[in-house]
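Only this structure's heavy atoms are used, side chains among them; waters, hydrogens and symmetry mates stay out. Quick note on labels: first sequence line is chain A, next is B, and so on, each numbered from 1.
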Amino acid sequence: MTLYKCKIKTMQYDFNRIEKDWQKYWAENQTFKASNTSTKPKYYVLDMFPYPSGAGLHVGHPLGYIASDIYARYKRHKGFNVLHPQGYDSFGLPAEQYAIQTGQHPAITTETNIKTYRRQLDQIGFSFDWSREVRTSNPEYYKWTQWIFIQLFESYYCNDDNKAKAIEELISIFSSEGNANVNVACDDGIEIFSAEDWNSFSTEKQQEILLKYRLTYLAETEVNWCPALGTVLANDEIVNGVSERGGHTVVRKKMTQWSMRISAYAERLLQGLDTIDWTDALKETQRNWIGKSVGASVTFNVNAHEDTIEVFTTRPDTIFGVSFMTLAPEHELVSKITTPEQKEAVNAYIEKTAKRSERDRMADVKTISGVFTGAFAEHPFTKEPIQIWIGDYVLASYGTGAVMAVPCGDQRDYDFAKHFGIDIPIIFEGVDISEEAFTGKDNVKIANSDFLNGMNYKRATKRAIYELEQLGQGEGKTNYRLRDAVFSRQRYWGEPFPVYYVNGMPQMIAAEHLPIQLPEVEKYLPTEEGEPPLGRAEVWAWDTNLNTVVTNDKVNNETVFPLELNTMPGWAGSSWYFFRYMEEAANRDGVFASKDALDYWENVDLYIGGAEHATGHLLYSRFWVKLLKDRGFVNVDEPFKKLINQGMILGTSAFVYEALFDEKSLNIYLSSNLIDGQNYITSESSKWTELTGIYKSRGLSEEDFSKVTHRLIHCDVSFVNASDELNTEAFKNWRAEYTDAEFIKEENGIFKVKREVEKMSKSKYNVVNPDNIVKDYGADSLRLYEMFLGPLEQYKPWNTAGITGVHNFLKKLWKLYVGENGLKVNTTAPTKDNLKTLHKTIKKVQEDIENFSFNTSVSTFMIAVNELTAQKCTSKAILEPLLILISPYAPHIAEELYSKLGNTGSISTVAFPEFNASHLVESSKNYPISFNGKMRFTLELPMDLSKDDIEKAVMAHEKTIAQLDGRTPKKIIVVPGKIVNIVG
RNA sequence: GCUGAAGUGGUGGAAUUGGUAGACACGUUGGACUUAAAAUCCAAUGUCCAUUAGGACGUACGGGUUCAAGUCCCGUCUUCAGUACCA
């Protein structure tokens with residue numbers, strides 16, 4: 001008896017044992033350790049590294065990792081030296097907020113979370129090279145993040161050569177010829193100075209000026225301040241006017257902040273998109289974000305004032321159509337030029353707009369509002385006076401914060417002009433603008449425009465710019481929407497800046513003294529004075545003699561100086577981590593990655609991650625890579641050659657109907673079919689008696705019955721089975737308030753929940769944990785199932801019900817190799833059918849992997865196993881190559897069976913089977929015979945039959961004769977090897 | 001509004017160059033095995049009509065091109081995502 005049981009056990013597919021064994025084997029043998037020296041071609045497969053959150057992984061997280069792992073394993077089979085690393089983006093807000101609540105140091109929280117992540121990742125069997133792991137919060141890592149910051153500080157952007165250069169070069173230009181002729185990226189409004197001026201400036205003054213040219217600079221900027229989080233947020237961290245994390249309100253506030261001059265790279269970031277293999281959607285998102293528009297800047301003189309107003313326009317050809325100008329209410333000239341008579345109205349308007357949040361302003365697009373300032377500008381050509389208005393449809397943050405209004409050619413200007421009764425001069429030939437503006441620019445000629453008359457858009461634009469240049473009142477200009485990126489955060493858990501302040505001027509700490517480690521603080525909150533958390537640190541001053549961090553009481557502003565209190569944003573560490581992986585951990589001292597390593601791996605060949613990083617991480621990484629390239633530290637222009645966005649796996653939330661009276665829960669719950677299903681409850685149904693009985697026991701009177709309402713509340717998906725039935729006992733035990741819940745079930749005693757697809761989230765109780773799936777079905781089942789769910793890029797709901805399908809497949813696969821009496825595989829010669837099945841599978845799987853169509857490969861494997869089982873195939877010549885095909889997808893079972901076949905070592909680098917088309921050559925074809933395009937029957941005919949012979953064979957067939965029923969076909973289409981279609 | 005993606009059975013999805021629509025799987029139904037259950041195996045399963053044979057309809061909707069359209073063209077609708085008084 002015991003013996004029998006034991007035998008059965010060893011013959012079964014014992015996935016838990018197999019997976020543990022092979023994971024141990026891979027770890028012990030460092031199977032997936034990449035080498036920096038290899039005769040094989042290199043291939044770099046990267047995942048977006050995770051932030052290790054306290055909640056651990058849910059089934060959605062591994063989707064992209066599984067896809068990249070399949071690809072990495074496939075490339076190893078194809079003879080590549082594959083780098084497939086993983087690490088943690090371990091600085092971030094959740095650990096800090098947890099620290100604020102509990103006092104636990106974020107480093108401890110992070111360490112704990114990483115352990116959980118690692119355990120969860122390991123059990124899925126990824127082929128990561130963990131020896132190269134990086135953590136952004138590790139001082140040995142952020143040392144180099146600080147180092148890159150210094151490189152940015154020590155660089156300026158030369159527009160002539162289109163690259164960043166050392167700031168020393170700029171200094172030498174200043175000291176030899178001043179700044180009058182430099183063409184570089186810099187702040188607006190820098191005074192012009194000569195070489196003599198420069199050399200006579202104090203060091204401080206020089207530093208102040210240089211700061212306006214550096215690629216990272218301090219500036220008083222209006223920032224998105226989030227009071228609830230106590231920090232500044234980047235534009236891409238704000239969604240619909242509230243913080244992406246937590247949904248808190250965001251206000252505008254002026255602060256001195258570090259900024260990154262990413263705008264200097266706008267054009268190169270745009271051009272570079274054409275050289276990389278990303279989806280159109282993602283490239284388009286970045287293009288929109290960069291927001292290039294070509295046009296001209298035009299300077300308008302203000303009557304009776306020395307000031308001028310500069311505007312940007314994409315339509316200089318419509319310059320003669322200008323009938324008024326509009327300034328943003330925040331525009332600096334508004335207060336200067338407003339006439340006394342208009343002062344009151346203007347101030348009231350400014351006050352009104354200031355009160356409205358960005359969000360309100362955005363939501364309320366329809367209302368036209370504005371106020372006349374009383375001032376006039378002068379048209380550059382006609383010299384006519386032009387009214388100057390203010391209006392909140394003009395944004396201070398775009399262009400110059402002022403527009404020349406051409407109501408004839410712009411709908412907003414048109415609406416504004418109509419609303420306030422301003423002239424609408426017609427400047428196009430033969431257009432009707434009685435109802436709306438003419439906004440097109442093709443197939444129309446300019447009119448009433450002096451020297452532009454009769455010209456088309458292109459010529460008129462050129463001529464207008466030329467004439468403006470002659471007047472010195474304009475030039476061709478390209479404008480970008482891309483703003484410089486604010487780089488300071490008022491947080492604790494981020495990289496400290498390698499910066500101290502001498503008389504308010506920032507100084508870099510020399511690279512050899514890095515890293516500057518995060519100081520200890522007592523609390524992780526901002527200080528009472530509103531300084532960032534680092535303001536609480538007691539050991540946070542820089543001693544320039546000792547070159548070390550010392551206690552604050554030593555600050556004398558002669559040799560010991562205060563250190564920067566802000567920390568870097570989340571995207572700092574993630575903007576270069578892909579280079580760190582290139583270097584082996586043992587050789588990382590003294591370099592962020594050695595030249596050899598950088599030269600060997602170049603850039604990421606395949607990057608897989610979410611599309612939500614389109615305007616954040618993916619843009620910033622490109623920016624930093626270009627800077628590093630310009631300064632000679634790396635050799636590549638772009639970090640990620642090919643990028644794939646995996647779709648999110650959504651949760652299937654479960655809801656129950658809760659009965660409410662007077663806004664309060666009655667603690668009565670109804671099966672969803674009783675509310676919105678076929679078993680809708682009516683006062684005639686027997687359920688009504690049951691329900692009203694409970695109403696009464698809850699103290700309701702008859703009149704109250706009709707006032708009872710229902711609402712849907714989330715319930716935990718683990719209480720619900722695949723048929724949407726609720727485990728009512730589990731629900732009762734969930735929370736104290738449900739202990740005496742009453743359930744109204746359907747006639748058959750079933751209580752059904754309502755289902756809805758939502759984002760997977762703890763708060764929606766729809767999170768499915770991969771741990772249980774791995775325990776119940778195994779990692780290989782999880783891997784296959786996540787791929788089988790649908791196309792990688794698509795958003796799709798998780799539904800555990802279907803996992804039995806792939807699990808059964810693995811059992812069938814196992815049974816193909818192992819029977820009750822042990823291994824079934826032998827050296828029998830393969831049959832023709834065996835070979836056909838194998839080679840058709842090789843071809844399809846190879847194509848699928850290269851097209852990232854992983855879902856269809858899984859079907860292909862199922863078909864192959866179904867066919868080989870039906871063929872009773874036992875041939876090693878077939879079954880061994882089949883394992884290699886499956887190994888990228890289900891590596892554990894593949895390794896186990898491969899070793900059972902008598903092989904030693906891992907299957908992971910065994911060559912991928914060669915496809916041989918000769919096995920797929922057919923001698924006959926089952927032709928579909930169509931009549932007028934409709935398939936009626938099929939007919940097996942030899943493959944080598946000529947067109948005429950096929951036609952003869954088909955026409956002679958009895959079913960053809962029956963179909964035609966005496967008619968003579970008009971036409972017979974024969975496509976040999978494909979179809980026959982009879983028309984008539 | 002603009003940009004991008006997508007609409008196929010009860011469900012997830014397949015059909016890569018126009019050529020047998022619905023592969024593969026889930027679910028459902030029926031059957032075998034079992035004292036029973038689980039597991040496993042077999043069969044059926046787009047909708048409608050028909051006892052069968054077979055037929056009609058069918059890839060969001062309306063047109064078109066073609067011997068042949070899920071696939072190509074024109075128009076419309078819907079959903080999802082990104083973005084937006086961008087001058």
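Phosphate proximity of A14(B) to N855(A): present, with a side-chain N or O under 4.0 Å from OP1 or OP2. Contact annotation: K934(A) reaches the phosphate of C57(B) (side-chain N/O to OP1 or OP2, under 4.0 Å). Neither OP1 nor OP2 of A5(B) sits under 4.0 Å from any side-chain N or O of Q794(A). Residue R287(A) places no side-chain N or O under 4.0 Å from the OP1 or OP2 atom of G4(B). For K796(A), no side-chain nitrogen or oxygen approaches OP1 or OP2 of G13(B) to under 4.0 Å.
As the counterpart of U3(B), A81(B) is assigned, both hydrogen-bonding distances of the Watson-Crick or G-U wobble pattern falling under 3.5 Å. When Watson-Crick and G-U wobble pairs are counted only if both distances are under 3.5 Å, A87(B) pairs with no nucleotide at all. Remark: G9(B) base-pairs with no nucleotide in the shown strands. Criterion, Watson-Crick or G-U wobble with two distances under 3.5 Å. Searching all strands for a Watson-Crick or G-U wobble partner of G62(B) with both distances below 3.5 Å returns C74(B). Under the Watson-Crick or G-U wobble criterion, with both distances below 3.5 Å, U45(B) is paired with G27(B). If you check U34(B) for Watson-Crick or wobble pairing at under 3.5 angstrom, you find it has no partner at all. U51(B) is unpaired under the Watson-Crick or G-U wobble criterion, no partner having all donor-acceptor distances under 3.5 Å. Both distances falling under 3.5 Å, in either a Watson-Crick or a G-U wobble arrangement, place G19(B) opposite C67(B).
No hydrogens or angles were tested; on distance alone, nothing pairs the side chain of N288(A) with the base of C2(B) as donor and acceptor under 3.5 Å. Taking 3.5 Å as the limit, the base of U3(B) and the side chain of K283(A) contain no donor-acceptor pair of atoms between them.
With C1' as the reference atom, G70(B) and A15(B) are 9 Å apart, rounded to whole Å. Comparing the C1' positions of A14(B) and G7(B) gives a spacing of 16 Å, expressed to the nearest Å. Across the P atoms, A21(B) and C74(B) are found 26 Å apart, a figure rounded to whole Å. As rounded to the nearest Å, C48(B) and C33(B) have P atoms that lie 33 Å from one another. The same atom, P, is picked in U17(B) and in U11(B); the two are 27 Å apart, to the nearest Å. The separation of G10(B) from C85(B), taken at their C1' atoms, amounts to 47 Å, rounded to a whole angstrom. With P as the reference atom, U83(B) and A60(B) are 29 Å apart, rounded to whole Å. Spacing between U65(B) and C72(B) at atom C1', rounded to whole Å, works out to 8 Å.
The residue D413(A) sits apart from the nucleic acid: no heavy atom pair falls under 4.0 Å. Within the nucleic acid shown, P797(A) has no heavy atom closer than 4.0 Å to any nucleic acid atom. In this structure, K844(A) reaches the bases: a heavy-atom distance under 4.0 Å links it to at least one base atom across the strands shown.
The side chain of P928(A) sits closest to U20(B) out of G13(B), U20(B), C86(B). For N808(A), the listed nucleotide lying nearest its side chain is U40(B); candidates were U40(B), C24(B), C57(B). Nearest nucleotide to the side chain of M935(A), out of U20(B), U40(B), U16(B): U20(B). For T313(A), the listed nucleotide lying nearest its side chain is A87(B); candidates were C41(B), A87(B), C85(B). Among the nucleotides A56(B), A87(B), G12(B), the one closest to any side-chain atom of R936(A) is A56(B). Checking C24(B), U40(B), C26(B) against the side-chain heavy atoms of T804(A) singles out C26(B) as nearest. Side-chain proximity of L395(A) to A25(B), U83(B), A87(B): nearest is A87(B). For K978(A), the side-chain atoms get nearest to G19(B) when compared with the rest of U83(B), G19(B), U40(B). Set against A25(B), U16(B), A87(B), the side chain of D848(A) has U16(B) as its closest nucleotide. For A281(A), the side-chain atoms get nearest to G4(B) when compared with the rest of G4(B), U20(B), C85(B).
Going from atom CD of E847(A) over to atom C1' of A15(B) covers 14 Å, rounded to whole Å. As rounded to whole Å, 15 Å separates atom P of C80(B) from atom CE of M648(A). The nearest whole Å value for the distance from the CD1 atom in I863(A) to the P atom in G13(B) is 18 Å. Taking atom CD of E793(A) as the reference point, atom C1' of G12(B) lies 16 Å away to the nearest angstrom. One atom, CZ of F809(A), and another, P of A23(B), lie 18 Å apart when rounded to the nearest Å. To the nearest angstrom, P of G4(B) lies 16 Å from CD of Q286(A). Residue Y795(A) contributes atom OH, which lies 18 Å from atom P of U79(B) at whole-angstrom precision. Summarising the geometry, the separation between NE2 on H807(A) and P on A39(B) is reported as 11 Å, rounded to the nearest angstrom.
T400(A) and E310(A) are not linked by any side-chain donor-acceptor pair at a separation below 3.5 angstrom, with hydrogens and angles left out of the test. Residues S853(A) and T856(A) bring a donor and an acceptor atom of their side chains to less than 3.5 Å of each other. Judged purely by distance below 3.5 Å, without hydrogens or angles, the side chains of T837(A) and Q871(A) pair a donor atom with an acceptor atom. Residues N799(A) and T652(A) have side chains that never bring a donor and an acceptor to within less than 3.5 angstrom of each other. In this structure, a donor-acceptor pair under 3.5 Å is absent between the side chains of T938(A) and Y927(A). Side-chain polar atoms of D415(A) and Q411(A) form a donor-acceptor pair below 3.5 angstrom.
Between Y13(A) and H807(A), the ring planes are tilted. Angles from 30° to 60° get that label. Note: F300(A) and H379(A) have perpendicular aromatic rings, judged against thresholds of 30 and 60 degrees for the angle between ring planes.
By the rule that a glycosidic angle within 90° of 0 means syn, G9(B) counts as syn.
A salt bridge between K840(A) and E867(A) is present, with a side-chain N of the basic residue lying under 4.0 Å from a carboxylate O of the acidic one.
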Between the protein and nucleotides 66-69 of chain B, list every N/O to N/O distance that falls short of 3.5 Å.
{"residue": "C67(B)", "atom": "OP1", "partner": "K971(A)", "partner atom": "NZ", "Å": "3.4"}
{"residue": "C67(B)", "atom": "O2'", "partner": "N981(A)", "partner atom": "ND2", "Å": "2.9"}
{"residue": "C67(B)", "atom": "O2", "partner": "N981(A)", "partner atom": "ND2", "Å": "2.9"}

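Applying the salt bridge (Lys or Arg N to Asp or Glu O under 4.0 Å) test to pairs two or more places apart or on separate chains, those with a residue in residues 290-300 of chain A are E267(A)-K292(A).
For the pair T314(A) and N866(A), nearest-nucleotide mapping onto RNA chain B gives the more 5' position to N866(A). Heavy-atom distances to RNA chain B give each of G291(A) and T860(A) a nearest nucleotide, and the one nearer the 5′ end belongs to T860(A).
Every residue two or more places apart in sequence or in another chain that forms a side-chain contact (heavy atoms from CB on, under 4.5 Å) with K952(A) is listed here: D949(A).
Side-chain contact check for F937(A) versus H957(A): some heavy-atom pair is nearer than 4.5 Å.
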